[in-house]
Amino acid sequence: EINMKREEASVLKSQNEESRVKFQNMLDIAIDEKQRAEVVVEEKQSELNELRVHKAKVDDWKSNAEETMSANLKEFATFKDDTTRKIEEKVLIITRLTGEINMKREEASVLKSQDEESGLKFQNMLD
């Protein structure tokens, strides 16, 4: 009976050792997988940080482009307003000068008519 119990104990000890080895192997595999997962997480975290840096640069570029575009639009609006004002001033000057030229033409026409009349009168007086 003692020998049977020893054999049972020996079998149980052997089974226990096999179970312990299997458990240790499973534990080793789980630890390896956890370590690989941690490496992947670190890589992905690094990629995420790089993307955040890139996004910040893109946001800066976008902001700078918007500021530049806004400044350019304001500058163009000022240029357009100045140009429109200058054109309006030139139109007024041309209109005024055209009026003056027309008045001078009328005066010249009147003087020419008067001169022709005077020339005729003088010619008649000479005749």
Using modelled atom types and a 3.5 Å cut-off, is there a donor and acceptor pairing between side-chain atoms of S70 and backbone atoms of E66? no

Looking at K44 and E47, is any side-chain nitrogen of the basic one under 4.0 Å from a carboxylate oxygen of the acidic one? yes

Pairwise distance CD(Q24) to CD1(I29) - rounded to 0.5 angstrom: 10.5 Å

With no hydrogens and no angle check, is any side-chain donor or acceptor of T83 less than 3.5 Å from a backbone partner on F79? yes

Only pairs at least two apart or in different chains count here, so list each salt bridge (charged side-chain N to carboxylate O under 4.0 Å, His left out) that has a residue in residues 10-27. E17-R20

Excluding V58, membership of its hydrophobic cluster (Ile, Leu, Val, Met, Phe, Trp, Tyr; side-chain heavy atoms within less than 4.5 Å) reads W61

Spatial distance of atom CD (Q114) from atom NZ (K121) [nearest 0.5 Å]: 9.5 Å

Which pairs pass side-chain hydrogen bond (donor to acceptor under 3.5 Å, both in side chains) with one or both residues in residues 94-113, sequence neighbours excluded? R96-E100

Distance (rounded to the nearest 0.5 Å) between I94 CD1 and I101 CD1: 10.0 Å

Please round to the nearest 0.5 Å and tell me the distance separating atom CE of M26 and atom OG of S19. 10.5 Å

Can you tell me how far the CG atom of N72 sits from the CE atom of M69, to the nearest 0.5 Å? 9.0 Å

When you look at CD of E75, are more than 12 heavy atoms from neighbouring residues, nucleotides or ligands closer to it than 6.0 Å? no

Value rounded to 0.5 Å, distance of CD in E33 from CD in E38: 12.5 Å

Passes salt bridge (charged side-chain N to carboxylate O under 4.0 Å, His left out), E89 versus K86? Steps please. CA-CA 5 Å; E89 289 173 359; K86 288 176 183 175; over 6 Å; no

Checking salt bridge (Lys or Arg N to Asp or Glu O under 4.0 Å) between D59 and each of K62, K57, K55, which is the one that passes? K55

Determine whether V91 and I87 satisfy the following criterion, side-chain contact (heavy atoms from CB on, under 4.5 Å), listing intermediate values before the conclusion. CA-CA 6 Å; V91 167; I87 289 170; 4.2 Å; yes

